[in-house]
Trainee: 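What follows is a single structure, and I will ask about it in a moment.
Naming: A, B, ... by sequence-line order, numbering from 1 per chain.
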2 protein chains.
Amino acid sequence: MTDLKSGPNPLFLRHDQLHQGIELLFYAYRDFTAECDAVLSTYGFGRAHHRAIYFIARSPGISVAELLEILRITKQSLSRVLSQLVREGFVSVEKAQTDRRRRLLRLTDKGEKLEKRLSEVQRARIGDAYRAAGGNAIEGYRKVLLSIIDETDRKRFVE
Amino acid sequence: MTDLKSGPNPLFLRHDQLHQGIELLFYAYRDFTAECDAVLSTYGFGRAHHRAIYFIARSPGISVAELLEILRITKQSLSRVLSQLVREGFVSVEKAQTDRRRRLLRLTDKGEKLEKRLSEVQRARIGDAYRAAGGNAIEGYRKVLLSIIDETDRKRFVE
DNA sequence: GCATATAAGTCAACATGACTGACTTAAAAT
DNA sequence: ATTTTAAGTCAGTCATGTTGACTTATATGC
């Protein structure tokens, strides 16, 4: 495994450096999601509900199709959690004015309360990490994760 | 949401900056795992098999208890995938010499072949991202993710 | 206006991966 | 000899993902 040089790129990466990067992502995701999972379970919800709630909160009035694109799951999978969230009064649905086939999703007051609670937990964790790592590191974190993401979805992060 | 200053910490973080950090992690994890999932499904395996294979490869001779600590799942969940991997000849088990209750796990040649294939996919993705982001960014990525991880597990990354 | 395409929802069936709690077995430690 | 530990197992449950086929309503293009 003692790789030698490989081309003009000055950035030489050993396997163990790459594995460290892989494992950091695994452990961070594991711990990042665990906290909210605990809150959600007290509502009888799971991670799938959280994802729906989260992205509806970011884009009030998002359509079902748009949400499916973000989550990359099947209509059936989303429909299960979505109809549960609507039935229990966390999410409201209204027909779009221009295209009345589209159903636009919004959080109700009850939904917003839950969303705030969950987002506070996550903002606290990432905020603490950002502060511990420092401003320079944040930019690096963003750059690397953005490059990991499929090219088609990177445009979601233009500011 | 136009927060004003908050204390002596010079690093001021707006909600939308934190949400960007949260979403980067979501999309990156989604895309990072998707590629391997496709390979695994051709073997009739899932993500859980991959995680076992991956960490056995990193620590040949790891015990079941150690693996459970890393994955933070129940014995039953691990046992299902592990016994499947052993039955199909991807993982071998031997009793520890000193403590014969402990079962030490190793990849077989067949298991190593699969592991190499999966790791190559992941190393390529993270390697490309590292190169695209640059050496400085890598350090930032590491710092932030390390701070997201539960304190008890950070020691896994001392070099 | 009619044919086609699209957005959404639904039904049935299934796989995977997580969980709990209780129990067994073997071996180590006290 | 008793207790603790490591591992495995049994039985049942739940959440979240999948597929494929079908319906309904609406929009769009000819």
Trainee: Which residues satisfy the side chain to side chain donor-acceptor pair (under 3.5 Å) test with E94(B), sequence neighbours excluded?
Mentor: R106(B)
Trainee: Taking salt bridge (Lys or Arg N to Asp or Glu O under 4.0 Å) as the definition, give me every residue that meets it alongside E120(A), ordered by chain and number, with sequence neighbours left out.
Mentor: none
Trainee: Could you work out, with salt bridge (Lys or Arg N to Asp or Glu O under 4.0 Å) as the rule, every residue matching R102(B), not counting sequence neighbours?
Mentor: E66(B)
Trainee: Could you list where the contact with chain B starts and ends along DNA chain D, reading 5' to 3', using a 4.0 Å heavy-atom cut-off?
Mentor: dT5(D) to dA11(D)
Trainee: With a 6.0 Å cut-off on the ring centroids, do F26(B) and F55(A) count as close?
Mentor: yes
Trainee: I'd like to check the salt bridge (Lys or Arg N to Asp or Glu O under 4.0 Å) partners of D31(B); sequence neighbours left out, ordered by chain and number.
Mentor: R72(A)
Trainee: Angle between the end axes of the helix from dG1(C)-dC30(D) to dT30(C)-dA1(D), five pairs per end, to the nearest 10 degrees?
Mentor: 30°
Trainee: Could you walk me through whether E151(B) and R154(B) pass the salt bridge (charged side-chain N to carboxylate O under 4.0 Å, His left out) test, one step at a time?
Mentor: CA-CA 5 Å; E151(B) 202 248 320; R154(B) 285 188 204 143; 5.4 Å; no
Trainee: Please give, in whole Å, the distance from dT16(C) P to L85(B) CG?
Mentor: 13 Å
Trainee: By a strict heavy-atom criterion of less than 4.0 Å, which residues belonging to residues 73-84 of chain B are in contact with DNA chain C?
Mentor: I73(B), T74(B), Q76(B), S77(B), R80(B)
Trainee: Near DNA chain C, under 4.0 Å by heavy atom, which residues of residues 36-55 of chain A?
Mentor: none
Trainee: Decide if the gap between the ring center of Y141(A) and the ring center of Y141(B) is smaller than 6.0 angstrom.
Mentor: no
Trainee: Sequence neighbours left out, what passes side chain to side chain contact (heavy atoms under 4.5 Å, CB included) with K110(B)? Give chain and number order.
Mentor: F90(B), T108(B)
Trainee: Any donor-acceptor pair under 3.5 Å linking the side-chain atoms of R103(B) with those of S63(B)?
Mentor: no
Trainee: Between Y43(A) and F45(A), how do the two ring planes meet: parallel, tilted or perpendicular, split at 30° and 60°?
Mentor: parallel
Trainee: Please answer whether the main-chain N or O of E35(A) pairs with a side-chain N or O of R125(A) as donor and acceptor at a distance below 3.5 Å.
Mentor: no
Trainee: Would you please classify the geometry between the H50(B) ring and the Y54(B) ring as parallel, tilted or perpendicular, with 30° and 60° separating the classes?
Mentor: perpendicular
Trainee: By salt bridge (Lys or Arg N to Asp or Glu O under 4.0 Å), which residues pair with E23(A), not counting sequence neighbours?
Mentor: none
Trainee: State which residues pass side chain to side chain donor-acceptor pair (under 3.5 Å) with H49(A); sequence neighbours excluded, sorted by chain then number.
Mentor: Q84(A)
Trainee: Summarise how protein sits on nucleotides 24-30 of chain C as a single string, 5' to 3': B when a protein heavy atom is under 4.0 Å from the base, S for sugar-phosphate-only contact, - for no contact.
Mentor: --BBS--
Trainee: Should we say atom CG of N136(A) is surrounded by more than 12 heavy atoms from elsewhere, each under 6.0 Å from it?
Mentor: no
